[in-house]
There are 2 protein chains.
Amino acid sequence: MLVRAIHEAALAELVDVGLGQLGMEGIARRASTAKTVLYRRWASTHELVLDALAQAHPVEVPTPAANDLRADLVAALVLLTDWMRTPAAAAVSAILAERERHPGLVEALYRRVFDPRGATFTTTVLRHYADNGRVDARRLTPITTQIGEALVFKLAIDLGRTPNAEEVAAIVDEALLPALGI
Amino acid sequence: MLVRAIHEAALAELVDVGLGQLGMEGIARRASTAKTVLYRRWASTHELVLDALAQAHPVEVPTPAANDLRADLVAALVLLTDWMRTPAAAAVSAILAERERHPGLVEALYRRVFDPRGATFTTTVLRHYADNGRVDARRLTPITTQIGEALVFKLAIDLGRTPNAEEVAAIVDEALLPALGI
DNA sequence: GTGATAAGATACGGCATCGTTTCTTGAAGG
DNA sequence: CCTTCAAGAAACGATGCCGTATCTTATCAC
């Protein structure tokens, strides 16, 4: 489908040249179409990108097994790293990087893409175990629920690549579980 | 001094328009000088920005008191949040955001600005206490030494502002100290 | 006072993108 | 077969940045 090709081209172009250099001309080139076609449908590159992200494959949701906290946490964070390797994630990070310069775009991104998709990765797991009494609910603070994601992001920045399964396991063992009192 | 004004203008312009839109023309406008002056000294906007960052005020170094681990960790992270509020930090984040698109620039940034400045914030403190035997040295892994910084960055992203002293203290109490076995 | 140097202003041709307009091509539906 | 509508191609004037060249002005050293 034409629209699908344009969506993919928009995200790929965004990742390649960055939000600051993103233009209809470049997207049209990459999609092998004419920019007339783009202007007929979208008023700006920002709207086009938001549309592309809204149509992108949704993120998988962790399904806790309820009897192995450590494995469920690792699985949730591996889901996160898997998503981080998708083109959509690269596009999202290119947008979030420019939060200061385009606050409206970031806000629209949350409203149209993220908010309709519930909670974050480890939070889903942690709430599940807290409901079962296997984790002290008082330990679930705005800090502790972010440890896993925070370290995944930090390692991704420092290493220049997304953490692998062993590194994710180390995050769970060395940082997350201790903070839960385990 | 003229060069100083140009350096400040370069960083301010970078933060305002982003690395993708950064141009000599804009920097010259902001510094109230002529393009000619810039081209006489610097070959590209990237070199100019690197120069500006190398000249920027260096980051303060934590000085552990050696008898209060918690207070020293909080102080180290507060130093980090203080630095994050400087124009230089905003410029650095604008550059790191485009790591994928300008790897050479990021590499030069590390080589010319960061590497000459030793270790990170909490690491300095943690190594100090490990040397004194007050912290189990085996607990100092590539993961645990990054917990503080990782959560400061994550909170900064999620909140859209740099964490305050109470939030930093919560990071230390709820995540960092437990991971150290305390 | 004179000479040297850099700041600063202006203009240049070249080029790319902007958003729009016009026209051609092509495929589907009746 | 023929009509219709969107895709696609090409060109438009406008704008702005590129990097350079030219010329004037201001500030020093001597």
Side-chain angles (χ1 to χ4, degrees), chain A residues 1-55 90-91 94-95 97-98 100-106 108, chain B residues 1-56 90-91 94-95 97-98 100-106 108-109:
Chain A
M1 208 222 288
L2 175 67
V3 174
R4 175 131 204 130
I6 294 174
H7 280 158
E8 283 172 15
L11 296 188
E13 182 76 4
L14 169 57
V15 172
D16 257 33
V17 305
L19 194 56
Q21 304 271 14
L22 187 64
M24 289 295 199
E25 209 122 0
I27 299 173
R29 254 197 307 273
R30 191 181 284 258
S32 300
T33 184
K35 58 178 175 169
T36 327
V37 180
L38 304 185
Y39 278 109
R40 265 198 277 269
R41 264 183 256 253
W42 297 280
S44 69
T45 57
H46 288 188
E47 299 222 6
L48 172 47
V49 165
L50 283 174
D51 225 45
L53 285 174
Q55 302 294 326
I95 293 176
E98 309 250 1
E100 304 278 319
R101 279 166 297 275
H102 305 278
L105 178 62
V106 174
Chain B
M1 208 223 289
L2 174 67
V3 175
R4 174 135 204 127
I6 294 174
H7 280 158
E8 284 171 13
L11 296 187
E13 183 77 3
L14 169 57
V15 172
D16 257 34
V17 305
L19 193 56
Q21 304 271 10
L22 186 65
M24 288 295 199
E25 209 123 357
I27 299 173
R29 256 198 305 273
R30 190 182 285 258
S32 300
T33 184
K35 261 198 313 187
T36 328
V37 180
L38 303 185
Y39 278 109
R40 266 199 275 270
R41 265 184 253 254
W42 297 280
S44 69
T45 57
H46 287 188
E47 299 223 5
L48 173 46
V49 165
L50 283 174
D51 224 45
L53 284 174
Q55 301 295 326
I95 292 176
E98 309 251 1
E100 305 276 322
R101 280 167 293 277
H102 305 277
L105 178 62
V106 174
L109 176 66

Gln21(B) side, atom CD; Leu19(A) side, atom CG - distance, nearest 0.5 Å: 9.0 Å
Base of dA9(D) paired with side chain of Thr36(A) (donor-acceptor, under 3.5 Å): yes
Interatomic distance where CE belongs to Met1(B) and C1' belongs to dT27(D) [whole Å]: 17 Å
Rounded distance (Å) that lies between atom P of dG19(C) and atom NE2 of His46(A): 11 Å
Given DNA chain C, 5'-ward residue of the pair Leu22(A) and Ala34(B), judged by closest heavy atom: Ala34(B)
Side-chain ion pair, Arg29(B) and Glu25(B), N-O less than 4.0 Å: no
Nucleotide dA21(D), atom P - distance to CE of Met24(B) in whole Å: 15 Å
Atom-pair distance (CH2 on Trp42(A); C1' on dA7(D)), nearest Å: 13 Å
Donor/acceptor link under 3.5 angstrom from Lys35(B) side chain onto base of dG8(C): no
His46(A) and His102(A) aromatic ring geometry - parallel, tilted or perpendicular at 30°/60° bounds: perpendicular
dG8(C) phosphate, OP1 or OP2, under 4.0 Å from Thr33(B) side-chain N/O: yes
Sole residue of Asp51(A), Leu11(A), Leu38(A) in side chain to side chain contact (heavy atoms under 4.5 Å, CB included) with Ile6(A): Leu38(A)
Distance in angstrom units between Gln21(B) CD and dC18(D) P, rounded: 10 Å
Value in whole Å for how far the C1' atom of dG8(D) lies from CD of Glu25(A): 14 Å
Whole-Å gap separating C1' (dC17(D)) and CZ (Arg29(B)): 9 Å
Spacing between Leu38(A) atom CG and dT17(C) atom C1', to the nearest angstrom: 14 Å
Under 3.5 Å donor-acceptor pair, Arg40(B) side-chain atoms to dA7(C) base atoms: yes
